[in-house]
Amino acid sequence: MDKAHDVLIRNLSEHTSLEPEDLAEIRGLTFTLRDFEPNEDFIRQGDEPEHSALVVSGMVARYHLLGTGGRQYLSFHLTGDLPDSQALFIDQMDHGLSALGPATVAFIPHRELFRAFRRRPTFAHSVWRETLRDAAIFREAITNNSARPMQARMAHLFCELFYRARTSQLVRGNRFRVPISLAQLGETLGMAIATVNRTLADLRRSGAMDLRDGELIVLKWRELQRLGDFNPVYLHLKRQSPPQA
């Protein structure tokens, strides 16, 4: 259980200076841990949640379910993220959350969080910043999918994931585990599967990156950043962590 507390503290500390009293408040929260299989939903559109989710390990995705049964993936969330912190302030979920690969998620009762917020406003502000960072990522995704050409669109997504993973200490060397299928890439970036394959091949030929066996490998960070028109300022991280690759 300590692992879940430590994961949350490490994530919030990336953008908020927490006092010892805040850390004690977080460590007093009750977590319920659950393991999920790849592509298993843990929040569905229309749910009325009473808990907030914390990604303890693995990677999860936020998505809209379309009337056709397809999905539009909206954002991806890594270890330490609170992917449904908005649920604290809305009555009904307008999106779903699903594990991408195997994932462990901790669930925190809303009533405990609201009590903790009243006692420690700085903790409340840190969770509110999580929702603001989500909104910034949404805005960037809208720009990415509507204004950038295909290669830049995909390169930008890879830059964002790699940069966030490095900040969260999930990168090993120049590699990061990304259990996203080609079909899911298409459902994220608004591309047909043939376009996904062609765009990925173009990026590979650039020598900037590779994607193999569920791993993103960054070979030339500055070139990938240039191709994706990526500027990490929108992530609003207190401690910037530019890759050295």
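Nothing here was measured: the structure is a model prediction, and the numbers come from that model.
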In short, salt bridge (charged side-chain N to carboxylate O under 4.0 Å, His left out) pairs touching residues 177-187 with sequence neighbours left out are none

Find out whether Q92 and P49 are in side-chain contact, i.e. whether some heavy atom of one side chain is under 4.5 Å from a heavy atom of the other.
-> no

Minimum side-chain heavy-atom gap M191-L185 below 4.5 Å | no

Got a sec, which residues hit salt bridge (charged side-chain N to carboxylate O under 4.0 Å, His left out) with E215, two or more places apart in sequence or on another chain?
-> R175

Take R71 and S98, measure what side-chain contact (heavy atoms from CB on, under 4.5 Å) needs, and give me the verdict at the end.
-> CA-CA 11 Å; R71 294 184 175 190; S98 174; 3.8 Å; yes

Mind listing the closest non-hydrogen atom pair of Q45 and G96 along with its distance?
-> CG-N, 3.8 Å

Looking only at heavy atoms, the pair that brings I193 and A183 closest together is CD1-N, 3.8 Å

Side chain proximity check, H236 to L132, heavy atoms < 4.5 angstrom | no

Shortest non-hydrogen contact from T79 to V7?
-> CG2-CG1, 3.9 Å

Residues two or more places apart in sequence or in another chain: which of them pass salt bridge (charged side-chain N to carboxylate O under 4.0 Å, His left out) with R133?
-> E130

List in chain and number order the residues that pass side-chain contact (heavy atoms from CB on, under 4.5 Å) with A155, two or more places apart in sequence or in another chain; answer none if no residue qualifies.
-> L203, L224, L227

Should Y163 and F138 be counted in the same cluster of Ile, Leu, Val, Met, Phe, Trp and Tyr side chains packed under 4.5 Å apart?
-> no

Would you say the side-chain atoms of T30 and E112 include a donor-acceptor pair closer than 3.5 Å?
-> yes

CE-OG1 distance between M150 and T199, expressed to the nearest 0.5 angstrom = 6.5 Å

Check step by step if side-chain contact (heavy atoms from CB on, under 4.5 Å) holds for Q86 and M93.
-> CA-CA 9 Å; Q86 300 102 327; M93 296 300 289; over 6 Å; no

How far does CG of L54 sit from CG of N11, to the nearest 0.5 angstrom?
-> 7.5 Å

For E160 and Y234, what are the C-alpha separation, side-chain angles and deciding distance, and is it a side-chain contact (heavy atoms from CB on, under 4.5 Å)?
-> CA-CA 10 Å; E160 179 189 297; Y234 71 95; 2.6 Å; yes

For H125, the side-chain hydrogen bond (donor to acceptor under 3.5 Å, both in side chains) test, sequence neighbours excluded, returns none

Would you indicate whether E37, at its atom CD, is surrounded by more than 12 heavy atoms from other residues, nucleotides or ligands within a distance under 6.0 Å?
-> no

In terms of side-chain heavy atoms, does N39 have a donor or acceptor partner in Q184 at a distance below 3.5 Å?
-> yes

With a 3.5 Å cut-off and no angle check, do the side chains of S57 and T104 form a donor-acceptor pair?
-> yes

State, with a plain yes or no, whether a side-chain heavy atom of F158 is found less than 4.5 Å away from one of L211.
-> yes

Please tell me if the side chains of L161 and M59 come closer than 4.5 Å, counting only heavy atoms from C-beta onward.
-> yes

Would the F123 and F117 ring centres measure less than 6.0 Å apart?
-> yes

Does CZ in R119 sit with more than 12 non-hydrogen atoms of other residues, nucleotides or ligands closer than 6.0 Å?
-> yes

With sequence neighbours left out, the residues meeting salt bridge (charged side-chain N to carboxylate O under 4.0 Å, His left out) with R139 are none

Please identify each residue that fulfils side-chain hydrogen bond (donor to acceptor under 3.5 Å, both in side chains) with R212, with sequence neighbours left out.
-> D210

Mind checking whether V105 and L33 sit in one hydrophobic cluster, side chains of I, L, V, M, F, W, Y counted as touching below 4.5 Å?
-> no

Closest non-hydrogen atoms of G101 and P179, given as atom of the first, atom of the second and distance, are N-CG, 3.6 Å

Do S52 and H110 get their side chains close enough for a donor-acceptor pair, meaning under 3.5 Å?
-> yes

Interatomic spacing from CZ in R204 to CG in L219 - rounded to 0.5 Å = 11.0 Å

List in chain and number order the residues that pass side-chain hydrogen bond (donor to acceptor under 3.5 Å, both in side chains) with R111, two or more places apart in sequence or in another chain; answer none if no residue qualifies.
-> none

Salt bridge or not for D6 and K3, using N-O below 4.0 Å?
-> no

Is a side-chain N or O of S206 found less than 3.5 angstrom from the main chain of A208, in a donor-acceptor match?
-> yes

Output every pair passing salt bridge (charged side-chain N to carboxylate O under 4.0 Å, His left out) with a member in residues 80-90, not counting sequence neighbours, ordered by first then second residue.
-> D81-R164

Give the intermediate values and the outcome of side-chain contact (heavy atoms from CB on, under 4.5 Å) for residues E40 and R34.
-> CA-CA 12 Å; E40 183 178 358; R34 284 190 58 191; 4.2 Å; yes

CG-CG distance between L8 and L23, expressed to the nearest 0.5 angstrom | 10.0 Å

Measure the spacing between CG of D229 and CZ of R153 and express it to the nearest 0.5 Å.
-> 13.0 Å

Identify whether I9 and L82 are in the same connected component of the hydrophobic contact network (ILVMFWY, side-chain heavy atoms under 4.5 Å).
-> yes

With the side chain counted from C-beta on, respond yes when D22 and T16 share a heavy-atom pair under 4.5 Å apart, and no when they do not.
-> no

Of all heavy-atom pairs linking M154 and V196, the shortest is CE-O, 3.8 Å

Using a 4.5 Å cut-off on heavy atoms from C-beta on, say whether the side chain of S126 contacts that of L18.
-> yes

Do any pairs count as a ring-ring contact (aromatic ring centres under 6.0 Å, His included) and have a residue in residues 32-90, sequence neighbours left out, and if so which ones?
-> F36-F42, F89-W128

Check whether any side-chain heavy atom of F176 sits under 4.5 Å from a side-chain heavy atom of L78, and report yes or no.
-> yes

Give the cluster check for V55 versus L88: same hydrophobic cluster or not, with ILVMFWY residues linked at side-chain heavy-atom distances below 4.5 Å.
-> no

How would you list all residue pairs meeting salt bridge (charged side-chain N to carboxylate O under 4.0 Å, His left out) that involve residues 52-66, not counting sequence neighbours?
-> R62-D134

Side-chain heavy atoms under 4.5 angstrom apart, residues restricted to Ile, Leu, Val, Met, Phe, Trp, Tyr: same cluster for I180 and V60?
-> no

Supply the atom-to-atom distance K220 NZ to Q225 CD, rounded to the nearest 0.5 angstrom.
-> 15.0 Å

Who are the side-chain hydrogen bond (donor to acceptor under 3.5 Å, both in side chains) partners of E140, not counting sequence neighbours?
-> R148, H156

Verdict with supporting geometry, D94 and R44, salt bridge (Lys or Arg N to Asp or Glu O under 4.0 Å) | CA-CA 8 Å; D94 56 17; R44 294 181 174 85; over 6 Å; no

